[in-house]
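Let me begin by presenting the structure, written as structure tokens, before commenting on it.
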Protein chains: 2
Amino acid sequence: MATTDPARPGFVLPLLLLAGFRTLIDDLHAELAQQGHPELRPLHGFVLQAVGPHGTTATELGQRLGVSKQAAGKTVDRLVTLGYLERADDPRDARRKLVRMTARGHDGLARSASVFDTLRDRWSATLGPKRVAAIEDDLRTVAAADLFRLDVPGWFGT
Amino acid sequence: MATTDPARPGFVLPLLLLAGFRTLIDDLHAELAQQGHPELRPLHGFVLQAVGPHGTTATELGQRLGVSKQAAGKTVDRLVTLGYLERADDPRDARRKLVRMTARGHDGLARSASVFDTLRDRWSATLGPKRVAAIEDDLRTVAAADLFRLDVPGWFGT
DNA sequence: ACGATTTCGACAACCACGTTGACGATCGTA
DNA sequence: TACGATCGTCAACGTGGTTGTCGAAATCGT
């Protein structure tokens, strides 16, 4: 395997982390596509979760996701087009536009969560529940040690 | 932490995987920037490694990275502009353009590898070497179980 | 040995997702 | 009431992908 030269051990860890994440995401979307959500893209699940049950605004969503309000607004646009979100005026502040999940949005989020749960169960079946929990604990530890926020990321920044 | 609802345990694992990857990558590039490679972008290290010491072609690189030859070609263009790669004609096949690392390319790759190694050491210092090795083993296991290739991915596909 | 097929690299158009900067409308307050 | 901060949107741009097309060069089959 040309990309995993054993003489460079440090390269392995990030690659494996990424690979683990990707397989999870790929499996999720393969499953979601079969459950009636073929157009849901990788980040959309996180976005829906960030919107939350009570709704929010584009600006708030942006800072919650760690991206600009413009980027958040664009993503909302797309999710609105796809029927997962809807916009409404805030009666108490004419500047704000509330962003809420539609029924389809709730369905997509619920299915995402449940598919993720079964994928985690699959990992547990392969590795044993203790190992999975250990991975989560360890990652939480290094994450905390690196003073990072668990919010959904800005990916690879520009 | 709004994005990590404990009622949805499945969401945690992918988030942590991604977060771990991202902190590694961010730390790498913060360090690389200080070592004279500020314009090296997250994927460039993987691309350089995929080029390898003997050079390759754009098409070959594309399939090695799991992206189209056009995408690989564009990335090569950028790396050539930045001085990390160079193109040369293949004397045995006038269609092929060999892609090779320059001295700067080798330097960048070597530094990436060494920074990754020290980051891994830092994880070892925090978690203990056994835990880090266990994470790698476990991820390798689920990866293998999911019959996936350890090559650098096409990220989130379209 | 020569024509058909395949392969390689490049070009163009496009999409997704992010960035800054600017700007009008609206709100809160001195 | 007038000013400053905030919200959403528009525009321009960068980056990393995609597909389709095409000419040039190599390979293969008769």
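Naming convention: chains lettered A, B, ... in sequence-line order (proteins, then strands); numbering from 1 in each chain. Quick note: numbers below take in every heavy atom, side chains included, and nothing from hydrogens, waters or symmetry partners.
- At least one donor-acceptor pair closer than 3.5 Å links the side chain of H29(B) to the backbone N or O of I25(B).
- Checking the phosphate oxygens (OP1, OP2) of dT15(D), no side-chain nitrogen or oxygen of T75(B) falls inside 4.0 Å.
- Atom pair K69(A):NZ and dG24(C):C1' shows a separation of 12 Å (rounding to whole Å applied).
- The nearest heavy atom of DNA chain C to A58(B) and to K74(A) marks one nucleotide each, and the one closer to the 5' end goes with A58(B).
- Among dG17(D), dT19(C), dA16(C), the nucleotide with an atom closest to any side-chain atom of R41(A) is dA16(C).
- Distance CZ/F116(B) to CG/D121(B): 13.0 Å, rounded to 0.5 Å.
- For the pair D90(B) CG and dA24(D) C1', the interatomic distance rounds to 15 Å; values are reported in whole Å.
- A sub-4.0 Å separation between OP1 or OP2 of dA25(D) and a side-chain N or O of R96(B) is absent.
- Base contact: A71(A) has a heavy atom under 4.0 Å from a base atom.
- Here dG14(D) presents its P atom at 19 Å from CG of L43(B), a figure rounded to the nearest Å.
- We find that CG of L98(B) is positioned 17 Å from P of dA25(D), with the value rounded to whole Å.
- Between D93(B) atom CG and dC28(D) atom P the separation is 12 Å, expressed in whole Å.
- Phosphate proximity of dA5(D) to R95(A): absent, as no side-chain N or O sits under 4.0 Å from OP1 or OP2.
- You'll find the ring centres of Y84(B) and H106(B) outside the 6.0 Å limit.
- Interface remark: the Q70(B) side chain does form a donor-acceptor pair with the dG20(D) base, using a distance-only criterion of under 3.5 Å.
- For the pair R120(B) and E136(B), the salt-bridge criterion is met [side-chain N within less than 4.0 Å of a carboxylate O].
- Residue K97(A) places no side-chain atom within donor-acceptor reach of the base of dG8(D), judged by atom type and a 3.5 Å distance cut-off alone.
- Atoms CG (D89(A)) and P (dC7(D)) sit 16 Å apart, rounded to a whole Å.
- Of the side-chain N and O atoms in R78(B), none sit less than 4.0 angstrom from OP1 or OP2 of dG17(D).
- Put simply, CD on Q63(A) is 16 Å from P on dG18(C), counting in whole angstrom units.
- Taking the charged nitrogens against the carboxylate oxygens, R78(A) and E39(A) have no contact shorter than 4.0 Å, which rules out a salt bridge.
- Within 4.0 Å of T59(A), counting heavy atoms only, lie sugar-phosphate atoms of the nucleic acid but no base atom.
- Note: CG (D77(A)) to C1' (dA16(C)) measures 13 Å, nearest angstrom.
- Side-chain N/O atoms of S68(A) include one lying less than 4.0 angstrom from OP1 or OP2 on dT19(C).
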